[in-house]
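One structure is given here, and the rest of the page talks about it.
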There are 2 protein chains.
Amino acid sequence: MARPRQFDEEQVLRAVRDQFWDAGYAATSLEDLMRVSGLGKGSLYGAFGDKHQLFLRALRSYTDTSGGYLREMLTSTPRALDALRAFVMAPVSDPGGAAARRGCLMANSTCELATTDPDVLAEARRTYEATTALVAECVVRAQGEGDLPADADPIETARALLAAQQGLVFMGRTGLGIDQLTATAGTLADRFLPDA
Amino acid sequence: MARPRQFDEEQVLRAVRDQFWDAGYAATSLEDLMRVSGLGKGSLYGAFGDKHQLFLRALRSYTDTSGGYLREMLTSTPRALDALRAFVMAPVSDPGGAAARRGCLMANSTCELATTDPDVLAEARRTYEATTALVAECVVRAQGEGDLPADADPIETARALLAAQQGLVFMGRTGLGIDQLTATAGTLADRFLPDA
DNA sequence: GCAATTATTGACCGAGCGGTCCACCAAGCC
DNA sequence: GGCTTGGTGGACCGCTCGGTCAATAATTGC
């Protein structure tokens, strides 16, 4: 056999993901990636391929992880309406508002690359369709629990909730204070989720 | 006197703005800017300074222009509620959905640069505060016309409308079809603007 | 312990970047 | 018609980029 790897793939992907998250794709250089991962160029290329492939791996890892958290949260919250409210308020759930300022890696990547990078666009479509489906499922549950009107289209409602949430994420990136952001999140949630 | 300029500053700014709009800041090279403007490096630097300054000029020109259109639309529409609905639906007002896919230059720039570029962050804050104020003014008018509840906070309502609109802009960039996007825009508008 | 295999490291590469500089040119002034 | 002034175009610069490669190190099978 041969020499084993001296690094943990998951750990490296997390470090790389954070770097892309904070600086974006174009503004992140290979030197940055070497610094945050502690690896040399050869190791990075040997293990993940070039910068673009590495980015896609990190992005996929991010969407898989947050998709898992979302599914868990939506299904494990006893009352579906509470889960939906938590979904909308998620961008401001971080106490200091740091998460709000950082935004969402998938959203940032979509803005930066979706028009020019087909792989990123595909990942964006995949992610937002999956998210819409998860939320729609939760909407159906809320309807079954009598908390949402039964005649509303679940998919359409889910899309509107997702748009509202992503709008919040975006407002966070404009430097809007966490207090105003939280208030706006509440206003949005109240409009869609009566009596939560 | 000396040799006069052989180009129209506004025209160059428009061409440059479109380039940044389509490709983003980092992905636009000076060669791109020379190509779309038809100018040499010397002329660009002489007239606008370096790439960053030129970008800020183009961005400011964009925000001023669209801010002007918005003010015009909000104040000249007879019924304020219709104006607010038009505001929310603006991202899908383009027939083919091309505008929806392109997004908003200010929003794209915010996502790409706000965390690392103080000038862009400042411009983002300025723009969104100004927009909020304009929309809030329109909300007050709608309240006066009896179309919106008088007890709603205009600023807070304006922020929620803006968040909804920006969420729509973002969904457009994920490749969501113009039909679904239009439907979602309608759903959002209906929630905030009853009976429009 | 030697061979085979794979990870690691850092020197190295060509290309493209943003930015500078200078020779040239057009227009007004005397 | 020179002279001055400022616009123009392109050659040029140093740098950093993403990416390659060969020498070396670490591990297992025999």
Side-chain angles (χ1 to χ4, degrees), chain A residues 1-60 105 108-109 112-113 116-120, chain B residues 1-60 108-109 112-113 115-120:
Chain A
M1 282 288 287
R3 178 174 174 176
R5 289 207 173 136
Q6 291 180 336
F7 63 90
D8 175 34
E9 193 160 303
E10 287 301 316
Q11 191 175 329
V12 166
L13 274 181
R14 253 180 285 129
V16 162
R17 178 243 291 157
D18 285 344
Q19 173 61 35
F20 281 127
W21 202 341
D22 288 328
Y25 179 75
T28 292
S29 70
L30 275 186
E31 204 184 333
D32 294 327
L33 296 174
M34 291 165 61
R35 180 172 37 78
V36 300
S37 68
L39 269 59
K41 282 189 184 180
S43 298
L44 279 176
Y45 274 80
F48 302 102
D50 65 13
K51 183 188 176 186
H52 186 244
Q53 287 176 272
L54 175 53
F55 173 73
L56 291 176
R57 280 286 301 272
L59 186 58
R60 177 61 78 108
L105 174 60
N108 298 352
S109 305
E112 181 183 356
L113 302 168
T116 55
D117 186 332
D119 296 321
V120 172
Chain B
M1 281 290 286
R3 179 176 175 178
R5 287 204 175 140
Q6 291 180 337
F7 63 91
D8 175 33
E9 192 161 303
E10 286 303 314
Q11 193 175 327
V12 166
L13 273 182
R14 252 181 286 127
V16 161
R17 178 244 291 159
D18 284 343
Q19 173 61 34
F20 281 127
W21 201 342
D22 288 328
Y25 178 77
T28 293
S29 70
L30 276 186
E31 204 184 332
D32 294 327
L33 297 174
M34 291 165 61
R35 180 173 38 80
V36 301
S37 69
L39 269 58
K41 282 190 183 180
S43 300
L44 278 177
Y45 274 80
F48 303 102
D50 64 12
K51 183 187 176 186
H52 186 244
Q53 288 176 269
L54 174 54
F55 173 72
L56 291 176
R57 280 286 301 271
L59 185 59
R60 176 63 77 111
N108 298 351
S109 305
E112 182 182 355
L113 302 168
T115 47
T116 55
D117 187 332
D119 296 321
V120 172

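Convention: sequence-line order gives letters A, B, ...; per-chain numbering from 1. As the structure is a computational prediction, the values presented were derived from the model and not from experiment.
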So B:Tyr45, base contact, sugar-phosphate only, or nothing? Heavy-atom distance under 4.0 Å. base

Round to the nearest Å and state the distance from A:His52 atom NE2 to D:dG18 atom P. 13 Å

Return no unless some side-chain N or O of A:Ser43 is found under 4.0 Å from OP1 or OP2 of C:dT8. yes

Write down the atom of A:Ser37, the atom of A:Val12, and the distance for their closest heavy-atom approach. CB-CG1, 4.0 Å

Determine whether more than 12 heavy atoms belonging to other residues, nucleotides or ligands lie under 6.0 Å from atom CD of A:Glu31. no

Between the main-chain N or O of A:Ser29 and the side-chain N or O of A:Asp32, is there a donor-acceptor pair closer than 3.5 Å? yes

What is the distance from CG of A:Leu33 to P of D:dG19, rounded to the nearest Å? 10 Å

Atom CZ of A:Phe7 to atom P of C:dA7: distance rounded to whole Å? 8 Å

Nearest whole angstrom, please: distance from the P of D:dT5 to the CD of B:Gln6. 20 Å

What is the distance from CG of A:Leu54 to C1' of D:dG19, rounded to the nearest Å? 14 Å

Side-chain contact test, heavy atoms from C-beta onward, threshold under 4.5 Å: evaluate it for B:Leu54 versus B:Leu44 and give yes or no. yes

Testing the basics here: between B:Leu56 and B:Val120, what is the closest heavy-atom pair and its distance to 0.1 Å? CD2-CG2, 4.2 Å

Listed pairs, N/O of protein and of nucleotides 13-17 of chain D, under 3.5 Å:
from   : atom 1 : to      : atom 2 : distance (Å)
D:dC17 : OP2    : A:Glu31 : OE1    : 3.4

Just by distance, do the side chain of B:Glu112 and the backbone of B:Gly24 share a donor-acceptor pair under 3.5 Å? no

Between A:Phe20 and A:Tyr25, how do the two ring planes meet: parallel, tilted or perpendicular, split at 30° and 60°? parallel

Under 4.0 Å, counting only non-hydrogen atoms across every strand here, what does B:Gly42 touch: a base, just sugar-phosphate, or nothing? base

Protein-nucleotide distance (B:Tyr25, atom OH; C:dC17, atom P), rounded to Å: 14 Å

Separation of atom CZ in B:Phe48 from atom C1' in C:dG18, rounded to whole Å: 17 Å

Over how many whole Å does the gap from A:Leu44 atom CG to D:dC21 atom P extend? 17 Å

